[in-house]
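Counting convention: from 1, in listed order, for ligands and their atoms alike.
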Amino acid sequence: MQIYLDYSATTPTRPEAIAAMQAALTYQWGNPSSLHEWGQRAATAIEQARMQVARLINAPAESIIFTSGGTEADNLAIMGVARRYAQPQHIIISSVEHSAIAEPARLLEQWGWQVSRLKVDSKGRVDPQDLQAALQDNTVLVSVIYGQSEVGTLQPIAQLGKIARQAGVLFHTDAVQVAGRLPIDVAALPVDLLSISSHKIYGPAGAGALYVRTGVELVPLLAGGGQEQRLRSGTQAVPAIVGFGVAAELAASEMETEIPRLTKLRDRLFSLLADIPGLQPTGDLVHRLPHHVSFCLQNGDKEKLNGRNLVRKLDRAGIGVSAGAACNSGKPNPSPVLLAMGYSEKAALAAVRMTLGKDTTPADLDWVAIVLKQILQ
Ligand SMILES: Cc1ncc(COP(=O)(O)O)c(C=O)c1O
């Protein structure tokens, strides 16, 4: 029996997306910038995907810029704003950002920019008053992650965006873990820029999007042919974008049933694990991604407590989970996110994440709880 519980790292590409990608590879292989029929077939496929992705967040199609994924969308947001300025300015991020935001911010710092990192409480939440206090005359961008990938915490994005807007400062959110899992309505939400990734919503890896509110100006990171409204030069990856579009459309239509189903499964797993000695859920249990279970193990012997060891042992039992964020799994360092939330290094090294998805069943979770308890005994 094999059970995959790492849907925040990536999701299996859904058959409908694969079928659409296969058709795109076969019939829509033209260069979408070409004026002839081959090119226009590909261009039409991209425009359809743009509408599908736009509908997922209630955006106008022309505000969707296709990228290679969430990382590029995040980089385009941060650097695309920063490059508008000849002199270093000030940006605000949170202390629990994904590395796709934290690292570009560090680069800006090296280039003389000021970066404020908003602290979080023990549940990983930012206090909107701290944002208000951190704003300066030279603040040009605020970026706060919508749903935290390691601990599942949702931020008060509407409140944060409102504060930034009132101050006349652009607001970006990394919604890679939220898009397709919870409703997002950019017509109502005060955000200017928002990142999405295809492979988190059962589309292929290698596609993503940045929502850019009409009127917001960015300087592109790539110089070239001027594709994607001059914001992302390079011939578009038509099959990946087509698969992304199909995945976005299906995520939108399934959300109403998936949210309550996943929430119930998530809470079931938390309660199945509740009697494990020393197990402490991490993140906010109320403001939380519906598919996300995460915890630290705070007693027992050192070897068993290491999150990475636990991941390996569960893997041998056919269960795929993650120790903190997948992108960081190669590094033995404690998660900066948990440290920012006030956890000790030891606790942060004993962090485990189990993220649920389309194929997760109640029986899977019963089995995972049994296996985990056996390993810990
Ligand atoms: C919150 C968050 N932002 C950005 C990314 C990067 O997205 P991608 O893998 O599409 O580059 C991830 C991926 O784990 C993520 O969880």
Carboxylate-amine/guanidinium contact [X] [Y], below 4.0 Å:
{"X": "K358", "Y": "E254", "result": "no"}
{"X": "R165", "Y": "D192", "result": "yes"}
{"X": "R261", "Y": "E258", "result": "yes"}

>> Starting from Y211, can I reach V144 by hopping between I/L/V/M/F/W/Y residues whose side chains sit under 4.5 Å apart?
In response: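 In one cluster: yes.
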
> So if you build clusters from Ile, Leu, Val, Met, Phe, Trp, Tyr with side-chain heavy-atom gaps below 4.5 Å, do L269 and L314 land together?
Replying inline: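 Per the 4.5 Å side-chain linkage, L269 and L314 are co-clustered.
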
> Does an N or O anywhere in G70 fall below 3.5 Å from an N or O of ligand 1?
Replying inline: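 Looking only at distances, the answer is yes, because the N/O contact criterion of under 3.5 Å is met.
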
> Below 3.5 angstrom, do we get any N/O pair linking S8 and ligand 1?
Replying inline: no

Pull out every atom of ligand 1 sitting under 4.0 Å from any heavy atom of [X], numbered as shown with elements.
{"X": "G69", "answer": "10 (O)"}
{"X": "S149", "answer": "16 (O)"}
{"X": "S197", "answer": "8 (P), 10 (O)"}
{"X": "I145", "answer": "1 (C)"}
{"X": "H199", "answer": "8 (P), 9 (O), 10 (O)"}
{"X": "T71", "answer": "6 (C), 7 (O), 8 (P), 11 (O)"}

>> Counting C-beta onward and ignoring hydrogens, is there a side-chain heavy-atom pair between H98 and V176 closer than 4.5 Å?
In response: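 No, their side chains stay 4.5 Å or more apart.
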
Using a 4.0 Å heavy-atom cut-off, which part of [X] comes near ligand 1: side chain, backbone, both, or neither?
{"X": "I101", "value": "neither"}
{"X": "E72", "value": "neither"}
{"X": "D174", "value": "side chain"}
{"X": "D74", "value": "side chain"}

> Which heavy atom in P128 sits nearest to a heavy atom in L160, and how many Å separate them?
Replying inline: CA-CD2, 3.7 Å

> Looking at CD1 of I319 and CE of M1, how far apart are the two atoms once the value is rounded to the nearest 0.5 Å?
Replying inline: 7.5 Å

> With a 4.0 Å cut-off on heavy atoms, does K200 reach ligand 1?
Replying inline: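 The answer is yes: ligand 1 sits under 4.0 Å from a heavy atom of K200.
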
>> Below 30° counts as parallel, above 60° as perpendicular, anything between as tilted: where do the rings of Y7 and Y202 land?
In response: tilted

